[in-house]
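This is a predicted model, so every value here is computed, not measured. For the numbers below, each heavy atom of this structure counts, side chains included, while hydrogens, waters and symmetry mates do not. For the single chain, residues carry numbers from 1 onward in sequence order.
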Amino acid sequence: MLAREHTLRGNPFLFLGPRPFRAARLRSYIVSQHRAGRRLSEILDDAYVRRCGSKSFCWSVLLDVRTIGALEEHTRNAIEESRPGR
């Protein structure tokens, strides 16, 4: 019983894995800054991004399917809007 009590100290929801809100906030920031016209290299060098976590965490958020999908969608829309004859 003592071992079980020891494993429940701290965050009882630790078994659910990392909290996704940090990744969601970072993803939102990256996408909004990209839509504002900033390059990814600038965004990744941003102080806010550096404060969000380690480089591996930031890259895992950037390489996430949801982030890539949002960046792809924005890029496709920008290409379509600037296509001649539109």
One thing to verify: whether Glu80 and Arg76 come together as a salt bridge, which I'm taking to mean a side-chain N less than 4.0 angstrom from a carboxylate O.
no
To the nearest 0.5 Å, tell me how far Leu26 CG sits from Tyr48 OH.
6.5 Å
Out of curiosity, does Val31 fall in the hydrophobic cluster containing Leu40 (side-chain heavy atoms, cut-off under 4.5 Å, transitive links)?
yes
Taking every non-hydrogen atom, the tightest pair across Gly53 and Cys58:
O-SG, 4.0 Å
With distance as the sole test, does Arg27 use its side chain to make a donor-acceptor pair with the main-chain N or O of Val61 at under 3.5 Å?
no
Nearest 0.5 Å, what's the CG-CZ distance between Leu44 and Arg38?
9.5 Å
Should Leu62 and Leu71 be marked as a side chain to side chain contact (heavy atoms under 4.5 Å, CB included) after you check the CA-CA gap, both sets of side-chain angles, and the distance that decides it?
CA-CA 10 Å; Leu62 183 62; Leu71 295 174; 4.1 Å; yes
Under 4.5 Å side-chain heavy-atom separation, chaining through any Ile, Leu, Val, Met, Phe, Trp or Tyr, what else clusters with Val65? Say none if it is isolated.
none
Would you please name every residue forming a salt bridge (charged side-chain N to carboxylate O under 4.0 Å, His left out) with Glu73, sequence neighbours left out?
none
Which residue pairs satisfy the ring pair (Phe, Tyr, Trp, His ring centres under 6.0 Å) criterion with at least one member in residues 50-74, sequence neighbours excluded?
His34-His74
My understanding is that only residues two or more places apart in sequence, or in another chain, count here; which of them pass side chain to side chain donor-acceptor pair (under 3.5 Å) with Ser41?
none
Is the side chain of Thr67 donor-acceptor paired with the backbone N or O of Leu63 at a distance under 3.5 Å, no angle test?
no
First locate atom CD1 of Ile68, then atom OG1 of Thr75, and finally report the distance between them rounded to the nearest 0.5 Å.
11.5 Å
For Arg51, all residues meeting salt bridge (charged side-chain N to carboxylate O under 4.0 Å, His left out), sequence neighbours excluded:
none
Residue list, side chain to side chain donor-acceptor pair (under 3.5 Å) with Tyr29, at least two apart or on another chain
Asp46
Ser32 side chain to Ser28 backbone, donor-acceptor under 3.5 Å:
yes
